[in-house]
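Just below is one structure, and these are the notes that go with it.
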Amino acid sequence: MDFLRPATLAEALALKAERPGAVPIAGGTDVMVELNFDHRRPDALLDLTGIAELRDWSAVPGAVRLGAGVPYRRVIDELGGRLPALATASRSVGSPQIRNRGTVGGNLGAASPAGDAHPVLLATGAVVEAVSTRGTRMIPATDFYLGVKRNALAPDELIAAVHVPETGAPQQFAKVGTRNAMVIAVCSFAIALHPATGRVGAALGSAAPTPRRATAAEDFLADELGAGDQWESPTPLPDSTRRRFGELVAAAASPVDDVRGTAAYRRHALSVLARRTLDWAWQGYTGRGRPCA
Amino acid sequence: MSPNPAELTSVVGGVGTSPHRPDAILKVRGEFAYASDLWHEDMIWGATLRSPHPHARIVSIDLSDALLVPGVHAVLTHEDVPGRNIYGLERADQPVLAEDVVRYQGEPVALVAADHPETALRAMKRIKVGYEVLTPVVDMESALGDTPLHPGGNLVRHVPIRRGDPDARAAVVVTGRYEVGMQDQAFLGPESGLAVPAEDGGVDLYVATQWLHVDQAQVATALGLPPALVRLTLSGVGGAFGGREDLSMQVHACLLALRTGKPTKMVYNREESFYGHVHRHPAVLHYEHGADRDGKLVHVKARIYLDGGAYASSTPAVVANAATLGVGPYVVDNVSIDAWGVYTNNPPCGAMRGFGAVQAAFAYESQMDRLAEALGMDPVDLRIANAMSEGSAMPTGQVVDSAAPVARLLELVRDKPLPPTGTDLLDLPGGVANTTHGEGVVRGVGYAVGIKNIGFSEGYDDYSTARVRLQVVGGEPVALAHTAACEVGQGLVTIVQQIVRTELGVTRVTVLPMDTSIGSAGSTSASRQTYVTGGAVRAACAAVKARLAELAAGRHVDDLAALLGDEVVDETAEWRHRPTEPIDPVTGQGNAHVQYGFAAHRAVVDVDVELGLVKVVELDCAQDVGRALNPQAVLGQIQGGTAQGLGLAVMEEIRTTGGVVRNPSFTDYLIPTALDMPPMRIDVLELADPNAPYGLRGVGEPPTISSTPAVVAAIRAATGRALNRVPVRPEHITSTERPRGAPA
Amino acid sequence: MRVNVTVNGVPRRADDVWEGESLLFVLRERLGLPGAKNACEQGECGSCTVYLDGVPVCACLVAAGQAEGREVRTVEGLADGGALDPVQEAFIEAGAVQCGFCTPGLVVAAHDLLARVPDPSDPEIREALAGNLCRCTGYEKILDAVRLAARRARS
């Protein structure tokens, strides 16, 4: 095994082009577990922590460009106002030690269906900035997750950043775990209202082979809100709308029975999370509720 | 010299005070040497190849490729075990390395020693084991009629209890079927040890264990060496809770060290740790309780199945506990209980804090709540109406001959004010994962009380050995205390110092490392060490005092240093608690236990009834400890034991499918965090037991027993669900399906 | 490979490090600093918590090579010679130490918390320590210790 320590992104891309089997490592929260338990023995590790370009976030028009190496801790501390749902999701990640080190970029690279950031990235319409010596590709989160722990990156590509829309509108994240801290999602859900376009983003995690959008639920809710002129003059949502939204989110899942929960429970819990987060988001939109936690 | 007892108990750091632990400074500095921290010049690393199958015949083992890996020093199989390839805590039925058959997933098959852990792993992957996979026996209730896994069949032990009228009829009868999942001790310090070959052909083993001498005997038998050539020294132990009472790597490390001539270190990682030690027995318990209309218990009938897994370990004693303690701390005249411990191809199960009493308590306390509901009675009132007290008879006929303040413990937890409702996300079920802002949250309150035998039972010769040496060092009397009693974190080292200070009136007491150069102290289990080794230390001190009296020759001497002069007083004592008796194999009658401990809990929970998530808001406890030798350590035991009971109630279970463990990691075997364990208010009663040293009563286990049913009772109160199984998972709370065995 | 890392203020060098080794292994087995503990090796227990460039992390999840040229402070580096850090003293006095396997990680995590938040509320303490599992104490006396250390620092 080789340990590659590029100092710049350009150097990292050259190494990745030359050795596409090299496994990128940043916070180590996935890769090191695989190494410690002999689940993976790559030819090389490509350490990204020495690359200054990956370490920061910046405001770009309509979005935050979040460097792949920014740890969850900084998302919580610095981006709670701009990206409230991502900050909520980040606060639910692992432990303080994990949040100090783990990154949204790493979450994307691992592409685990249980990754906490994914539903937010899908619901908000984030775009992954993938780079290689061949150039830059902007991959919408919707197209990024291909299968269990498989993503759309080419073997020579690295994640430079993820562009997360700064919507200024209510958004929520919620995650069910069987412990009150430091727990992997049994299922998770994010909702983002997009009043400017009259759309709704809704996405689920840990209840299908990949994180995925609940498009039927998104369309249903967008239609309901559009039809009643709710964006302009919001009123409390009827129970039938809230319930139907929950059902459609649950229907979007393809969960399995596993040691963390049953498929039936995951569907049920998703419907509850969808209904509750919709309530909170809608209360936020109508100005009556509390902002995202 | 005839020291005045009043003077002696006032010694700084004596019995009844809470001096700092002697090992605390090293521990907070990170300098305390745990078994996994040991290092030796020229040391190599051992690793264990384990069976991937719960049940298979071994057809072939090919080591040739593994031996070719550079850096490998030895690869061993059962053929390399020089002594008897069989061991066991109560019954020798487990091979050191599997021969023709493997009986559980994770059973050791071969060993590798190499210059680096990674080298050992690479070599292990090159060992070719041919398996013929067999159908595993996995159901404890049908195991007795299934394929025999051992020559004598699948019954490890059956304990019947028969008392009173078997046909007693009651006005109100409730029945239930309960299940307890497989809990893990989940001590944080993984199984580890360092074996150093000695020039005399023997071996020195530095290891984290609970009972040095029972390890020594088993290791010597497997190595074919006289016990004197197998010397064990306790290294730092990162928790135990029963999980270190059986052997793990002890024989393996010694085999590798003796074969290679090199110091050999073995350290399990967390996954291997889940395969490397026994767990708490999963159980299925069928209960019937009958009472008259006033709530007075008339009869209890029970059939209890305990899954011992592949090997016996301490199953026989666990079965006896579940049976003899099977009605709980209540007076019942008519009792018929049968408890069976069986072999299966599930992971081996043995000792864990609460030891058979935990499983029974979940069932009988659930039954008491169900009975209260059927009677329309308050659940605490029902318990108090049936509570045993000093002088009550157990279902074994044994009369409880010291304090049994069951009713008072219940009153103490009942009468505390209830906590307010939380508002912050952190106070709510789900916490910062943001699952509720109050929606669906319902509060519930539940109660439970439990009983545990303290010390070893059924006629076992339960003793400990202690040596105390007193001499003048630098003009001051200094005592040394030496035992083989394993300090596993509970604070026995502090207790030993306190007893010596109190008995001898000296302030400076050094506790020597625990090793096998002194006689056995018995196991650090059954809440017994303060009682039994404490008794031995006190007895050794008494012998020292007798010697001092000889030196004083009738004079009254105030100055101990002057009296001692150059004299070194060195006394060793063996001490036993009063004998117990075997139970009758047909009726289960007999004075089987030496002492009983009691604790009660009240749990207050907030349950998100829509999502099935639970936040335990408060978990209060009252316990009688006879005498608190170290009040701070007593609280620590109650808090820690309660947390383990909470874990079993809502999250902790080793899940298996067809004998295969599905969650051997801290990612999926969850134990409570600081956000899961609530604040506790604790009442400690000190009702002295006249039979025990200082009147003390074992502390460690009772709080683990009652906290689980109290939490589940509170969840039931919040949800209205039957919840007949622990741990309670979210889907049990939200499911629309009726659980098996639930009342119609 | 060779790894150069400053540990507790002292430049250290480890040779023949396998590229897949963790910082935890290097500290424990190559640099003679076993204070950070090996309880789970997957970031689920916090017992290996050390400061890496001033930030508490799980040493088991840091590849040894990632520590090259960086500053590590372990539990062994908290005391000033014979003088314990106030957090260490509070752990002893409050009875927060039983088996002690979680203690080094908890001491570092509590030390970091009090450096950032001198007067933490109970929920803040619990959230800050939720990444450190303890199996012996039920956390009550650990909370007592953090409160005690905070109170002492204020007075």
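Throughout, a chain's letter reflects where its sequence line sits, starting with A, and its residues are numbered from 1.
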With respect to chain B, which residue among [options] yields the maximal number of heavy-atom pairs within a distance under 4.5 Å?
| options | value |
| --- | --- |
| C:Gly43, C:Gly95, C:Ala36 | C:Gly95 |
| C:Cys40, C:Ala96, C:Gly35 | C:Cys40 |
| C:Ala94, C:Ala128, C:Cys102 | C:Ala94 |

[atom1] of [X] to [atom2] of [Y]: how many Å apart, nearest 0.5 Å?
| X | Y | atom1 | atom2 | value |
| --- | --- | --- | --- | --- |
| C:Asn38 | B:Asn269 | CG | CG | 9.5 Å |
| B:Ser36 | C:Arg28 | OG | CZ | 4.5 Å |
| C:Asp122 | B:Asp427 | CG | CG | 10.5 Å |
| B:Asp37 | C:Leu33 | CG | CG | 11.0 Å |
| B:Leu425 | C:Glu127 | CG | CD | 9.5 Å |

(message) Counting only heavy atoms from other residues, nucleotides and ligands, does the tally under 6.0 Å from CG of C:Asp80 exceed 12?
(response)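 No, because the 6.0 Å sphere around CG of C:Asp80 holds 12 heavy atoms or fewer from other groups.
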(message) Around atom CD1 of B:Ile25, are there more than 12 heavy atoms from other residues, nucleotides or ligands closer than 6.0 Å?
(response)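 Result for CD1/B:Ile25: open.
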What residue in [options] has the most heavy-atom pairs under 4.5 Å with chain C?
| options | answer |
| --- | --- |
| B:Gln644, B:Glu487, B:Gln490, B:Glu271 | B:Gln644 |
| B:Gln185, B:Glu31, B:Arg270, B:Gln637 | B:Arg270 |
| B:Gly636, B:Pro19, B:Ala33, B:Gly236 | B:Gly636 |

(request) Identify the two heavy atoms, one from B:Tyr34 and one from C:Gly100, that lie closest to each other, and give their separation to 0.1 Å. (result)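 So the minimum-distance heavy-atom pair works out to OH-C, 2.9 Å.
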(message) If I compare all heavy atoms of B:Val28 with all of C:Phe91, which pair ends up nearest, and what's the gap?
(response)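 The pair with the smallest heavy-atom distance is CG1-CB, 3.9 Å.
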Go through the atoms of [X] and report whether side chain, backbone, both or neither lie under 4.5 Å from a heavy atom of chain C.
| X | answer |
| --- | --- |
| B:Leu635 | both |
| B:Glu118 | side chain |
| B:Asp424 | neither |

Side-chain donor or acceptor of [X] paired with backbone N/O of [Y] under 3.5 Å:
| X | Y | value |
| --- | --- | --- |
| B:Gln639 | C:Gly138 | no |
| C:Lys141 | B:Ala633 | no |
| B:Lys27 | C:Cys99 | yes |
| C:Tyr139 | B:Pro672 | yes |

Side chain from CB out, backbone as N, CA, C, O: work out which of these in [X] comes under 4.5 Å of a heavy atom of chain B, or both, or neither.
| X | answer |
| --- | --- |
| C:Gln42 | side chain |
| C:Ala130 | both |
| C:Leu133 | both |
| C:Cys45 | side chain |
| C:Glu76 | both |

Are [X] and [Y] close enough that some pair of their side-chain heavy atoms sits under 4.5 Å apart?
| X | Y | answer |
| --- | --- | --- |
| C:Glu21 | B:His116 | yes |
| C:Arg135 | B:Ile671 | yes |
| C:Arg126 | B:Leu426 | no |
| B:Met43 | C:Glu29 | yes |
| B:Phe32 | C:Pro104 | no |
| C:Leu84 | B:Arg29 | yes |

(request) For the residue pair B:Trp45 and C:Phe25, categorise the inter-ring angle as parallel (less than 30°), tilted (30 to 60°) or perpendicular (more than 60°). (result)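 Tilted: the ring planes of B:Trp45 and C:Phe25 meet at 30° to 60°.
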(message) Between B:Ser665 and C:Glu44, is there a side-chain donor-acceptor contact under 3.5 Å, judged purely by atom types and distance?
(response)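 The criterion, which ignores hydrogens and geometry beyond distance, is not satisfied for B:Ser665 and C:Glu44.
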